[in-house]
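Here is the structure we will look at, set down as structure tokens.
Below, read A as the first sequence line, B as the second, and so on, with proteins coming before strands; counting in each chain starts at 1.
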Amino acid sequence: MSKFFVTTPIYYVNDAPHIGHAYTTILADVLSRYHRTIGDDVFFLTGLDEHGQKVMQAAQKRGLSSQAHCDDLAPRFLNLWKTLDIEYDDFIRTTQERHKKIVQLVLQKVHENGDIYTDEYEGWYSIAEERFITEAEYGSGQFRDVKKLKEKNYFFKMSKYQQKLIDHIQAHPDFIRPEHRKNEMLGFLRQPLGDLCISRPKSRMDWGIEIPFDRDYVTYVWFDALVNYISTPGYGSDEAKFNKWWPADVHLIGKDILTTHSVYWTTMLFSLGLSLPKTIFAHGWWLIGQTKMSKSLGNVVNPLDLIENYGVDAVRYYLMREMVLGLDANFTFDSFIKCYNSDLANDFGNLLNRVSGLIQKNHGGQIPDPGTLGNEEERIKLEAVSLPARIKDLINEYKVQEAVSLTLDFVRILNKYMEVQAPWKLAKTDMKGACRVLYTAAEGLRISSIMLSPVMPEKTALVLSILGANQTLPVWGELKPGTVLQAHPPLFPRIEVEKN
RNA sequence: CGCGGGGUGGAGCAGCCCGGUAGCUCGCAAGGCUCAUAACCUUGAAGUCACAGGUUCAAAUCCUGUCCCCGCAACCA
């Protein structure tokens, strides 16, 4: 048995949860569930980033303490995860004591290693936003009341590890994925790397973790947030646990925070002398039409609306089926409906109805005995039993979309098999043949359900319970003849769209 | 010449690394079946594989150039 440690980013508590958050978290959940089904020991970590200026300001506006504000907002994410059937193993909040003390420990260590120094930071400061803005932001001209400001701050010697990082990326082709992101990072690293400002004076912003060697400062986002990946699995608090889980098998992130993870986080780990995560996987964005989803455009899709109407499994399936991991994907209502109707209603759901309907009608509602398999059945069996290994390869390559497609291909093979064998005809002339065909189709359906269970935990559990096959393995022959089928409504009722 | 990815039937994509009848899903047309959620199965129409050269017996696939689209260029999944 091997272990699998997967993380999502910790989400900023002030954002409203949207499809991007949901996507990353569902992806992590699908990978986790998959690894659990093959017997791996899984640790799935997600959580919230609760410090920083925006939180502080929002809390002040509401007349709440910053902590009370966070406590009020955190359930928005927790409730969404519940609705989305997310089975995480730990949920870290950066304001938790267990996290804060480890961040301080980390800062202390990095400081002792000589990787933190003070300097005067000079940059463009936006009075309206109460923060320093980047050169690029300044150049955009979107900020008013901007002035040059000098401030003493603490800096992390990121530059010191530049060459080591380049070497690591080149020596580990799976470290940054997909490959074109790796190339991007190597391109980025051809220029000299600067150091990282990691502090804020409390006089300006005090909602953060106090820097252990200077109480007038709090640490700013990087150490605060990224350290969650090691503080949660026990760094500095539970050595056995930490050694079991670290390094992470994969940090799942959006492509927008690739630099943060592959450069900032990585150099921090270098300073601590810890090993690096095996893979940092940057997925793409969900686009609406051809444009990015954004609050200002007002085109943000709330996953909860879709779930309410079509069920959580359909939404999970669509998100996994439609996006090639690493590339951007288009979210359209139309493609959602098509995906739902063709894959889930017509192919998967309908196969269940065909099989269970015939067994009900001609075989007294009991799964028939297959007798001796013929050539066609052997062919189906071969497809079925080779499926788990093929899917394992795809999942290990993070080709979730292909793994899902492959399973659906098998479902289509089963539909075709039914069509060709026509057990409804056989029942009139060759009862043994009808039994053999229906058993084979039902067994194929069972195995495909198991393969789809990480993506659609609820509906596949339903199918398996209808077949009386809960807790079974994707091995041929686990379906027991004689089992009484349960009656059921259509699994995925077709969505009828009004044509205009 | 900052770095990188891509341009394949009406739509969305795979194939390109390891040259050799252009594949999948959706849509469209005709037929079949009628167990099933008007679902399922078969067949068909539809592609100068961005463009121009080159290598080769043979190129979507390798090389060169051109045009167009997109991503990254330090902090929105």
Side-chain angles (χ1 to χ4, degrees), chain A residues 8-9 11-12 14-15 17-27 54 131-137 158 178-191 193-197 220-222 225 252-261 263-264 282-286 290 292-296 321-322 324 326-330 332 334-335 337-339 341-362 401-402 405 408-409 412 414-427 434 437-438 441 489-496:
Chain A
T8 73
Y11 306 116
Y12 200 53
N14 242 36
D15 288 338
H18 54 68
I19 197 166
H21 300 114
Y23 176 73
T24 315
T25 312
I26 289 170
L27 177 60
K54 282 182 186 165
R131 67 179 180 99
F132 280 93
I133 59 175
T134 62
E135 261 326 297
E137 283 178 317
M158 202 156 66
E179 199 179 354
H180 68 267
R181 299 287 168 206
K182 179 188 84 176
N183 294 336
E184 257 174 38
M185 280 301 111
L186 286 172
F188 173 69
L189 287 166
R190 273 195 280 273
Q191 296 154 34
L193 200 56
D195 289 336
L196 198 60
C197 179
Y220 174 70
V221 62
W222 313 123
L252 295 174
I253 59 169
K255 63 183 183 180
D256 50 302
I257 50 174
L258 179 61
T259 310
T260 315
H261 283 74
V263 180
Y264 302 2
H283 67 247
W285 274 330
W286 284 96
Q290 294 301 317
K292 191 180 150 183
M293 202 176 289
S294 86
K295 272 185 226 165
S296 52
R321 174 73 177 81
E322 200 68 12
V324 175
L327 304 179
D328 288 348
N330 260 295
T332 64
D334 201 41
S335 69
I337 300 292
K338 274 181 183 157
C339 173
N341 277 344
S342 65
D343 286 7
L344 300 180
N346 297 352
D347 292 335
F348 186 65
N350 190 39
L351 177 64
L352 171 67
N353 272 33
R354 302 179 83 179
V355 169
S356 70
L358 284 167
I359 290 178
Q360 210 64 252
K361 198 170 171 181
N362 298 332
Q401 189 235 24
E402 283 186 49
S405 307
L408 255 287
D409 286 344
R412 289 188 194 99
L414 291 172
N415 269 318
K416 185 173 175 179
Y417 167 74
M418 286 281 285
E419 188 68 27
V420 172
Q421 301 300 317
W424 51 93
K425 281 183 183 166
L426 287 177
V437 172
L438 282 176
L491 203 58
F492 293 99
R494 272 181 69 84
I495 303 171
E496 299 303 335

Report task. Figure out the CE/P separation between A:M418 and B:rC33, and round it to whole Å. Result -> 17 Å
Report task. For B:rC18 versus B:rC63, give the span between their P atoms, rounded off to a whole number of Å. Result -> 9 Å
Requested in this report: Using a cut-off of strictly less than 4.0 Å, decide whether A:K416 has a side-chain nitrogen or oxygen near OP1 or OP2 of B:rU42.
Outcome: yes
Query raised in the report: For A:L414 and B:rC41, what is the distance between atoms CG and C1' respectively, to the nearest whole Å?
Result: 14 Å
Report task. Grab the CG-C1' distance between A:N353 and B:rA38 for me, whole Å please. Result -> 14 Å
Query - Rounded distance [0.5 Å steps], CG in A:N350 versus CG in A:L344 - result: 12.0 Å
Report summary line: Side-chain contact check for A:M158: nearest option of B:rU37, B:rC41, B:rA74 is B:rA74
Report summary line: Partner of B:rG71 under the Watson-Crick or G-U wobble criteria, both distances under 3.5 Å, comes out as B:rC3
Query raised in the report: A:H283 side chain to A:K255 main-chain N or O, any donor-acceptor pair under 3.5 Å?
Result: no
Requested in this report: Starting at CG of A:N341, measure out to CG of A:N346 and round the result to the nearest 0.5 Å.
Outcome: 6.0 Å
Query raised in the report: Considering heavy-atom distances to RNA chain B, does A:L351 or A:D343 have its closest nucleotide positioned more toward the 5' end?
Result: A:D343
Report task. Examine B:rC40: is either OP1 or OP2 under 4.0 Å from a nitrogen or oxygen in the side chain of A:N346? Give yes or no. Result -> yes
Requested in this report: Could you work out which one of B:rG71, B:rA73, B:rC75 sits closest to the side chain of A:T259?
Outcome: B:rA73
Query - Note, A:M418 side chain near A:L438 side chain (heavy atom, < 4.5 Å) - result: yes
Requested in this report: Could you check whether A:L491 gets within reach of a base, just the sugar-phosphate, or nothing at all, counting any heavy atom under 4.0 Å?
Outcome: base
Query - Span that lies between the C1' atom of B:rG44 and that of B:rC57, in whole angstrom - result: 34 Å
Query raised in the report: If the C1' atom of B:rG10 is compared with that of B:rA46, how far apart are they to the nearest Å?
Result: 9 Å
Query raised in the report: What does A:N415 touch in the nucleic acid at a heavy-atom separation under 4.0 angstrom: a base, only the sugar-phosphate, or nothing?
Result: sugar-phosphate
Query raised in the report: A:T24 near the nucleic acid: base, sugar-phosphate alone, or nothing, with a heavy-atom cut-off under 4.0 Å?
Result: sugar-phosphate
Query - Whole-Å C1' distance, B:rC1 and B:rC13 - result: 33 Å
Requested in this report: When you get a sec, tell me which of B:rU37, B:rC75, B:rC26 is the closest nucleotide to the side chain of A:K338?
Outcome: B:rC26
Restricting both atoms to N or O, compile the protein contacts to nucleotides 1-4 of chain B shorter than 3.5 Å, with distance only.
| residue | atom | partner | partner atom | Å |
| --- | --- | --- | --- | --- |
| B:rC3 | O2' | A:R190 | NH2 | 3.2 |

Report task. In whole angstrom, give me the gap between the C1' atoms of B:rG15 and B:rA38. Result -> 35 Å
**Report entry** Base of B:rC35 paired with side chain of A:E419 (donor-acceptor, under 3.5 Å)
**Finding:** yes
Query raised in the report: Just to confirm, is there a sub-4.0 Å distance from OP1 or OP2 of B:rC40 to any side-chain nitrogen or oxygen of A:R354?
Result: no
Query - Contact check, side chains of A:H21 and A:T8, non-hydrogen atoms, under 4.5 Å - result: no
Query raised in the report: Applying a 3.5 Å limit to both distances, which nucleotide forms a Watson-Crick or G-U wobble pair with B:rC35?
Result: none
Report task. Report the nucleotide, chosen from B:rC35, B:rA36, B:rA74, that has the shortest atom-to-atom distance to any side-chain atom of A:W424. Result -> B:rC35
**Report entry** P-based separation of B:rA11 from B:rC49 [nearest Å]
**Finding:** 16 Å
Query raised in the report: If you measure from the P atom in B:rA45 to the same atom in B:rA30, how many Å do you get, rounded?
Result: 15 Å
Report task. Please figure out whether A:D409 or A:K425 has its closest RNA chain B nucleotide nearer the 5' end. Result -> A:D409
Query raised in the report: Over how many whole Å does the gap from A:L352 atom CG to B:rA36 atom C1' extend?
Result: 10 Å
**Report entry** Same-atom distance (C1') from B:rG9 to B:rG47, integer angstrom
**Finding:** 4 Å
Query raised in the report: Which part of the nucleic acid, if any, lies within contact of A:Y12, taking any heavy atom under 4.0 Å across all strands shown: a base, the sugar-phosphate backbone alone, or nothing?
Result: nothing
Query - Main-chain N/O of A:D347 paired with A:N415 side-chain donor or acceptor, under 3.5 Å - result: yes
Report task. Would you mind reporting whether A:H261 and A:M185 have side-chain heavy atoms less than 4.5 Å apart? Result -> no
**Report entry** For B:rC51, the Watson-Crick or wobble counterpart (both distances under 3.5 Å)
**Finding:** B:rG65
Query raised in the report: What nucleotide, of B:rC75, B:rC41, B:rU37, holds the atom closest to the side chain of A:A345?
Result: B:rU37
Report summary line: For B:rG23, the nucleotide meeting Watson-Crick or G-U wobble distances (both under 3.5 Å) is B:rC13
Report task. Indicate yes or no: at least one non-hydrogen side-chain atom of A:D343 is less than 4.5 angstrom from one of A:F348. Result -> no
Query raised in the report: What's the CZ-P distance between A:F348 and B:rU25, to the nearest Å?
Result: 18 Å
Query raised in the report: Rounded to the nearest 0.5 Å, what separation is found between the OG atom of A:S342 and the CG atom of A:L408?
Result: 8.0 Å
Requested in this report: Quick one: label A:P9 by what it contacts on the DNA or RNA (base, sugar-phosphate, nothing), any heavy atom closer than 4.0 Å.
Outcome: sugar-phosphate
Report summary line: Testing B:rC35, B:rC26, B:rU37 for proximity to the side chain of A:L358, the answer is B:rC35
Query raised in the report: B:rC35, B:rC26, B:rA36: which one has an atom nearest the side-chain heavy atoms of A:S342?
Result: B:rC26
Report summary line: Heavy-atom nearest pair, A:F492 first then A:A345, reads O-CB, 3.2 Å
